[in-house]
Amino acid sequence: MEGFVKILRKMFRNPVSIAGITLVLLFIAIAIFAPLLAPPAYPWNPYMMPQSGLSAVPQPPSPQHIFGTTQGQYDIYYGVIWGTRTALKVGIVVIGLALVIGIFIGTVAAYFGGWVDELLMRITDIFLAFPFFVGVIVVITIIGPGITNVMWALVIFYWMTYARLIRGSILEVKENQYVMAAIALGTPGTRIITRHLLPNSIYPVIIQASMDMATIPLTAAALSFLGLGAPVGYADWGQLASFARNWIVTPTGGNPFQYWYTIFFPSITIVLYALGWNLLGDTLRDILDPRMLI
């Protein structure tokens, strides 16, 4: 408990950390209070953006649509607010499942060693042999598009990072005398893992997971941009960017930035979201890195 308080104290002394925490908490608050900030037009499916017409031409910000509308007249403000909840949902589910799988496989491989380690690491290598984005696209093509299928595809090709990280950390911690003494005394393996190995080797995984909270939702948004993720009209930042791609520069001449709002609001949201988690991850790395604690 004392160590946790010490980490918190260091985090709140760092201006960069405070900026990251502020941005992360802001997006978490937006996701939690999305029903109040943007009341659902379709209560039975709140992630579907309200549509105020069928015109292909976006409409500028107005009292009715404060961020404007996309082509097809989907409300950008609604998409940004509920897209925050989509991003956090994707990040939490994918990283949570990948952490469980990766930590289990990496821990078992490092603790038992021998043929167990060899088998599990060769399985890991097989998955690592596939290019990440290509592998995800292939899986989605097989099982079909959709947010749920995107999350499963990302989990399938992302647990290996955590497995490798935790295995390397545990192999290092395993050589410490207190671990060797526990083994010599006949302490059960599960107790050694939970009391000695994991608590002293989990920090690199926590840092990586923090940074992945920015990477994974953006990967899902990229898949939606390509038409492999959320269905049309679903509140997702990638889909908002997809709606805007024909209007980044006015296609009919005149003011080239007439439809600036179609790309500005989704893009600034994505940038701030990624910035917040990356700043938080950098701070955790500086605080938890043993070389920084000397």
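Note that these values count all heavy atoms, side chains included, but never hydrogens, waters or copies made by symmetry.
- In this structure, the side chain of T86 engages the main chain of A235 through a donor-acceptor pair within 3.5 Å.
- Note on F157 and I123: same hydrophobic cluster, where clusters join Ile, Leu, Val, Met, Phe, Trp and Tyr whose side-chain heavy atoms are under 4.5 Å apart, directly or indirectly.
- Between P58 and T262, the closest heavy-atom pair is CB-CG2, 3.6 Å.
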| message | Evaluate V136 against L228 for side-chain contact (heavy atoms from CB on, under 4.5 Å), listing each step before the verdict. | response | CA-CA 10 Å; V136 171; L228 297 173; over 6 Å; no
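- Minimum interatomic distance between W237 and T269 (heavy atoms only, all atoms of both residues): CZ2-CG2, 3.4 Å.
- Residues T69 and Q73 come closest through the heavy atom pair OG1-OE1, 3.0 Å.
- Side-chain contact between H65 and S52 is present, with at least one heavy-atom pair separated by less than 4.5 Å.
- Of the residues listed (F132, F130, F133), the one engaging Y158 in a ring-ring contact (aromatic ring centres under 6.0 Å, His included) is F132, and it is the only one.
- Interatomic distance, I270 CD1 to I263 CD1, rounded to the nearest 0.5 Å: 7.5 Å.
- Under the 30°/60° scheme for interplanar angles, the aromatic rings of F265 and W260 are found to be tilted.
- Note that the CG atom of D75 and the CZ atom of F67 stand 9.0 Å from one another [nearest 0.5 Å].
- Hydrophobic clustering, with ILVMFWY side chains joined whenever heavy atoms are under 4.5 angstrom apart, keeps L240 apart from V271.
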| field | I95/Y162 under side-chain contact (heavy atoms from CB on, under 4.5 Å): CA gap, chis, key distance, verdict | value | CA-CA 10 Å; I95 293 172; Y162 302 126; 3.7 Å; yes
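- Residues A274 and L218 come closest through the heavy atom pair CB-CD1, 3.8 Å.
- Here the shortest heavy-atom pairing between A230 and S224 reads N-OG, 3.1 Å.
- Counting non-hydrogen atoms of other residues, nucleotides and ligands closer than 6.0 Å to CZ of R122 gives a total above 12.
- Proximity of I30 to V80: side-chain heavy atoms (C-beta onward) are nowhere separated by under 4.5 Å.
- The distance from the CD1 atom of I18 to the OG1 atom of T22 is 7.0 Å, given to the nearest 0.5 Å.
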| Steps toward side-chain contact (heavy atoms from CB on, under 4.5 Å) verdict (I170, L198) | CA-CA 7 Å; I170 287 179; L198 282 179; 4.2 Å; yes
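- When side chains are defined from C-beta on, I76 does not count as touching I66, because their heavy atoms never get closer than 4.5 Å.
- Distance check: L120 CG to D125 CG gives 11.0 Å after rounding to the nearest 0.5 Å.
- Annotation: the span from L279 atom CG to L23 atom CG amounts to 7.0 Å, rounded to 0.5 Å.
- Contact of the T107 side chain with the L197 side chain is not registered, since no non-hydrogen atoms from C-beta on lie closer than 4.5 Å.
- Within the 4.5 Å cutoff, the side chain of I140 has heavy atoms near those of the L223 side chain.
- Aromatic ring orientation, W82 versus Y78: parallel (interplanar angle below 30°, classes split at 30° and 60°).
- Annotation: L36, atom CG; neighbour count of heavy atoms from other residues, nucleotides and ligands within 6.0 Å is above 12.
- The closest side-chain heavy-atom distance from M213 to L280 is not below 4.5 Å.
- When hydrophobic clusters are built by joining Ile, Leu, Val, Met, Phe, Trp and Tyr residues whose side-chain heavy atoms come closer than 4.5 Å, directly or via intermediates, L171 is not grouped with W115.
- The backbone N or O of I206 lies less than 3.5 Å from no partner atom in the side chain of S210, so there is not a single donor-acceptor pair.
- Between Y234 and Y47, the ring planes are parallel. Angles under 30° get that label, and only those over 60° would be called perpendicular.
- For the pair N246/Y259, no side-chain contact is recorded, criterion being any heavy-atom separation below 4.5 Å from C-beta on.
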| field | Intermediate values then yes/no, side-chain contact (heavy atoms from CB on, under 4.5 Å), W277 and V24 | value | CA-CA 6 Å; W277 283 107; V24 168; 3.6 Å; yes
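- Side-chain contact between Q239 and V232 is present, with heavy atoms from C-beta onward closer than 4.5 Å.
- The main-chain N or O of A31 is found under 3.5 Å from a side-chain atom of R85 such that the two form a donor-acceptor pair.
- Each of F104, W152, F127 was evaluated against W159; a single residue qualifies, F127, per the ring-ring contact (aromatic ring centres under 6.0 Å, His included) test.
- Two different hydrophobic clusters hold L54 and V57 under the rule that ILVMFWY side chains link at heavy-atom gaps under 4.5 Å.
- Rounded to the nearest 0.5 angstrom, T84 OG1 and I32 CD1 are separated by 11.5 Å.
- Under the 4.5 Å side-chain contact rule for hydrophobic residues, I81 and L26 share a cluster.
- Between I156 and M160, the shortest heavy-atom contact is O-SD, 3.9 Å.
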